[in-house]
Amino acid sequence: MELSKNFEHKASEEKWYSYWNEQKYFNSTPDDREPFTIVIPPPNVTGVLHMGHCLNNTIQDVLVRRARMQGKNACWVPGTDHASIATEAKVVQMLREKGIQKASISRDEFLGYAWEWKEKYGGIILQQLKKMGCSLDWERTSFTMDPDYYQSVISVFVDLYNKGFLYRGKRMINWDVKAKTALSDEEVIRKETQQKLYHLRYKIDGLDEHIIIATVRPETIMGDTAICVHPKDERYKHLHGKFAFVPLINRRIPIITDEYVTMEFGTGALKVTPAHDMNDYQLGQKHNLEVVDIFNEDGTLNEDAQILIGEERFEARKKIVIELEEKGHLIKTEDYTSEVGYSERTDAVVEPRLSLQWWVDMKKISGPALNVVMNDDVKFYPAKFKNLYRHWMENIKDWCISRQLWWGHRIPAWYDADGNYVVAATHEDALQQYQTKFGKAPADNTLSQDEDCLDTWFSSWLWPFEVFKGYSNPGNADVQYYYPTNTLVTAPEIIFFWVARMIMAGMEYQKEIPFKEVYFTGIVRDKQGRKMSKSLGNSPDLLELIDKYGADACRFGILIASPAGNDLLWEESSNEQGRNFNNKLWNALKLVKMWEGRTIDHGPQTSGENSFEVEWFDNRLNEAKAEIDQLFKEFRLSEALKTIYSLIWDDFCSWYLEWVKPGFEQPIDAAVYNKTVEFFEELMQLLHPFMPFISEEIYHALKERAAGDDITIKQLSSASKADKQVLQLAIQLKEVITALRDIRVKNQIKPKEAIKLSIETDQQQSYRAIESILAKQLNAESISYVSASVAGTISAVIQKDKFYIATKQAIDTSSQKEQMLKDLEYLKGFLLSVEKKLGNERFVQNARPEVVDIEKKKKADAEAKIKAIEESLASL
RNA sequence: GGGAGCAUAGCUCAGUUGGUUCAGAGCAUCUGCCUUACAAGCAGAGGGUCCGCGGUUCGAGCCCGUGUGCUCCCACCA
């Protein structure tokens, strides 16, 4: 088979991904094996792949593929989230482009367009995951608005209502003026924002005096229904019980007192606008204040504002400031920075608004979910997120779940003309309940359904079991087998949105945790540490990157840069490292393939099977496998990948292959060749979860495979014990080679020039085993053993052994002498500190015996080395 | 305002119960090499007061206190 110059990732990716699918390697059905289940955090159906997905899904794929190779029945469930706000926004925009206003069409018409849009553009992201090589079971693809799923969400709503865990209430909520819907607290992002603090004066009724208040929102003064001061504030004592006039509109409002006011802030006087501020609302309730709502749902001023009607709130602010100034009400303006809430989805400044919404009484449902995390039934990696979780759970607030949108699960509440309501899954059920509850049928025997739909998270919290129809078809074979799932891989940003609520739903509806482990990935940032985002434009197009570097290289690039439990600073060059690694692997393959037709069978007597090279790599491989196992247990995937990278590049390519490489056009021992192919195979197995395409490609290129013999499903053998002595000898061998190569470089001995090497050592036996390797790696034409220094040579001391290099070139001993003196100085200092320690009675008494023994050995070793160097120096 | 985390080589990070063969790795840098798998490479090398200060200990990168600087989360000072 002719190999291409470089690995051709595009052809390989297409070929293998479709092959794996044809073979149904990613499809799972319950059987006797232990399951390993991951449910994908469903991306928005509107979404496109970004670097965060790349990280998150690469990690999941690594875990799933490895589990599959370890004899488990691996099942990774794909799917998408209907993403109520995001999708509705897209559809509204699409309609606008067609010249259609949402308000001008019916709900059903709108939903028709929405489904059409979803079928056409939705779920692109799932196709993109295939490009990344994700081994998802596509036959299990789920969507949060699939018919059964939809019914389950509705049914859960009804059930929670019947249990008294849900209620409808008029409260201050976070209003998104752009999406025109309520938001939950979690959907509000607080950002430090530069603002102005305006000092405004209000005329006091009956006195020739003014009171000055400070506000950042002068456009809301028309909603003021009081001024509040601290009862103990001496400055305002004479105004208690008096009234003031709101500037521009002259509404007469009371001056009230409350200890809530901070005397030191601003002027110590606060305007109270109950309709447009959470705190003011509470103050208003306490003091029975009137509530004047001056905003429309889109954030423009309404008629109750009396002035600036129809203006957008921030435009109104600009205009009213000018007017206030003109009329002498603006006393001063100062710069002020404070936190302002923005909508997570639309980035609009959130408007506090009083409205009637549906709520989940979280205290009633959250209890078991706290315990299972605190006692590690659900284990968090990294564990530091347990604190965060506990804090949120212990201070949990009710969850606003109604959204003024059409795209989503429609709230199953049914109202009569007077606003009396019942909660039921269908109109029929609702009518029946109505009869029971109110003792009569509603007018015309019809009830109208709530216009609103549910928060997307109210459906995605059922994800880990409903993808197996664990709610719609309780106790079915799938949910019994796959649930609880094993590992959830997600970003810490959605710990409250999603993780916590899934645990609650799992405990409530399956009486069991939804997953055993949660692995929180870091956030992908750019080189300057900024979070990657569309608006900043610093998020690269992943598909372009895959096209340019290959999927394997991208997977490598993101994982190698990803420290466990921390954010990662990503830059394109880490993909280059991945691509270079591909290239390295490909070249190693080419080398091995060159040997294929040139093997020679030496027979069992002189077979290379027992050579040091083979024995060493076998042991090194086992040692590394054990390390990798351990790293996986701790979710240290980045380090596991680094270990494999170094095992392949350094140990296999730089050392092993060089050691077994035959001379130019020389044959290779058949047994060594076969072992080399085996090693290569095993390395590809270790690499496969991280870089699936090239590993499968190489696995098949190495030799002819029977049908179905594919690395994707080939089982990993477990690590056997590594022989420490062999490993130690190899370390020594490498050290000798490196040191003597250094001498070659420093003495400018040309690579092609052969040297004669003499070794003075008391472990000749060991050196004989590695003699041929030494000769090859150092270009030594002869190796001999001596018991005294050899005149006219370059000498070096490595460990306790002395080496003499004879060369045709003139020898300059000054640099080696310098090096030896430097070593000597260090060793003497080192020896001194060891002796000092051993001479310290308290050390000898207090330290553990084995520690003392180590120190004694250090002393002996140092002395031996010093002796060897001194002898060498003397002979120079 | 409350809480959490971080600070080790130019950059990104390892360093697991304290033991100077423990100051490491990968990138990057420098010096040789187009050597018959690989210049997307090979062979070598240099580089750090482990943030400052104090303490515990025979011994501290690691434990304790404190200061400084960054990051994140939560919270209703307009």
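These figures come from a predicted structure and were not determined experimentally.
Within 4.0 Å of A:Met594, counting heavy atoms only, lie sugar-phosphate atoms of the nucleic acid but no base atom. Across all strands shown, A:Tyr336 has heavy atoms under 4.0 Å from sugar-phosphate atoms exclusively, and none from any base. Contacts of A:Gln577 with the nucleic acid, taken as non-hydrogen atoms under 4.0 Å apart, involve only primed sugar atoms and P, OP1 or OP2. Heavy atoms of A:Leu388 sit under 4.0 angstrom from primed sugar atoms or phosphate atoms, though from no base atom. Across all strands, A:Tyr645 comes closer than 4.0 Å only to sugar-phosphate atoms, never to a base (heavy-atom distances).
The base-pairing partner of B:rU56, taking Watson-Crick or G-U wobble contacts with both distances under 3.5 Å, does not exist among the strands shown. Pairing of B:rU17, defined by two Watson-Crick or G-U wobble distances under 3.5 Å, is not identified with any nucleotide. Pairing partner, B:rC11: B:rG26, with both Watson-Crick or wobble hydrogen-bond distances short of 3.5 Å. Pairing for B:rC51 is with B:rG67, a Watson-Crick or G-U wobble pair whose two hydrogen-bonding atom distances lie under 3.5 Å. Summarising the base pairing, B:rG41 is matched to B:rC33 through a Watson-Crick or G-U wobble pair whose two defining distances lie under 3.5 Å. Using the Watson-Crick or G-U wobble rule with both distances under 3.5 Å, B:rC72 pairs with B:rG3.
Closest to the side chain of A:Asn587, out of B:rC38, B:rG26, B:rA43, is B:rC38. Out of B:rG44, B:rG26, B:rA40, the shortest distance to the side chain of A:Asn583 is found at B:rA40. Nearest nucleotide to the side chain of A:Glu855, out of B:rA37, B:rG19, B:rC13: B:rG19. In the set B:rA78, B:rC38, B:rU21, B:rA78 carries the atom at the smallest distance from any side-chain atom of A:Val216. Between B:rA43, B:rA75, B:rU20, one nucleotide has an atom nearer to the side chain of A:Lys858 than all others, and that is B:rU20. Distance from the side chain of A:Asn580 is smallest to B:rA40 among B:rA40, B:rG26, B:rG19. Among the nucleotides B:rC58, B:rG41, B:rU21, the one closest to any side-chain atom of A:Phe843 is B:rC58. Taking only side-chain atoms of A:Thr262, from C-beta outward, the nucleotide of B:rA43, B:rC27, B:rC77 with the closest atom is B:rC77. Of the candidate nucleotides B:rU21, B:rA4, B:rC77, B:rU21 has the atom nearest to the side chain of A:Asp861. Listed nucleotides: B:rU12, B:rA37, B:rU21. Nearest to the side chain of A:Leu569: B:rU12.
Rounded to a whole Å, the CD1 atom of A:Ile213 is 14 Å from the C1' atom of B:rC77. Taking atom CD1 of residue A:Ile495 and atom C1' of nucleotide B:rG3, one finds them 14 Å apart after rounding to whole Å.
For the pair A:Lys386 and A:Phe380, the cation-pi test (distance below 6.0 Å, angle within 45°) is failed.
For the OP1/OP2 pair of B:rC42 and a distance below 4.0 Å, the side-chain nitrogens and oxygens of A:Trp649 include at least one atom meeting the criterion. Remark: A:Lys584 is in phosphate contact with B:rC42, judged by side-chain N or O atoms under 4.0 Å from OP1 or OP2. An OP1 or OP2 oxygen of B:rG3 is reached within less than 4.0 angstrom by no side-chain nitrogen or oxygen of A:Tyr389. In terms of phosphate contacts, A:Lys661 brings a side-chain nitrogen or oxygen within less than 4.0 Å of OP1 or OP2 of B:rA37. At the phosphate of B:rG44, OP1 or OP2 sits under 4.0 Å from a side-chain N or O atom of A:Thr738.
Heavy-atom distances to RNA chain B give each of A:Asp185 and A:Trp586 a nearest nucleotide, and the one nearer the 5′ end belongs to A:Trp586. Residue-to-nucleotide proximity on RNA chain B shows that, of A:Cys653 and A:Arg525, the 5′-proximal contact is made by A:Cys653.
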| query | Passes side-chain hydrogen bond (donor to acceptor under 3.5 Å, both in side chains), A:Thr193 versus A:Tyr342? Steps please. | reply | CA-CA 10 Å; A:Thr193 306; A:Tyr342 292 79; 3.0 Å; yes

Kindly list each side-chain donor-acceptor pair under 3.5 angstrom involving residues 548-555 of chain A, sequence neighbours excluded, with atom names and distances?
| residue | atom | partner | partner atom | Å |
| --- | --- | --- | --- | --- |
| A:Lys548 | NZ | A:Glu572 | OE2 | 2.9 |
| A:Tyr549 | OH | A:Glu572 | OE2 | 2.8 |
| A:Asp552 | OD1 | A:Phe693 | N | 3.2 |
| A:Asp552 | OD2 | A:Phe693 | N | 3.4 |
| A:Asp552 | OD2 | A:Ile694 | N | 2.7 |
| A:Arg555 | NE | A:Phe690 | O | 2.9 |
| A:Arg555 | NH1 | A:Asp61 | OD2 | 2.8 |
| A:Arg555 | NH1 | A:Met132 | O | 2.9 |
| A:Arg555 | NH2 | A:Asp61 | OD2 | 2.8 |
| A:Arg555 | NH2 | A:Pro689 | O | 2.8 |

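Within 3.5 Å, a donor on the side chain of A:Glu658 pairs with an acceptor on the base of B:rA37, or the reverse. Within 3.5 Å, no donor on the side chain of A:Glu639 pairs with an acceptor on the base of B:rA25, nor the reverse.
Applying the side-chain hydrogen bond (donor to acceptor under 3.5 Å, both in side chains) test to A:Arg217 and every residue at least two apart in sequence or in another chain returns A:Glu219, A:Glu351.
Rounded to a whole angstrom, the distance from the P atom of B:rU20 to that of B:rA39 is 42 Å.
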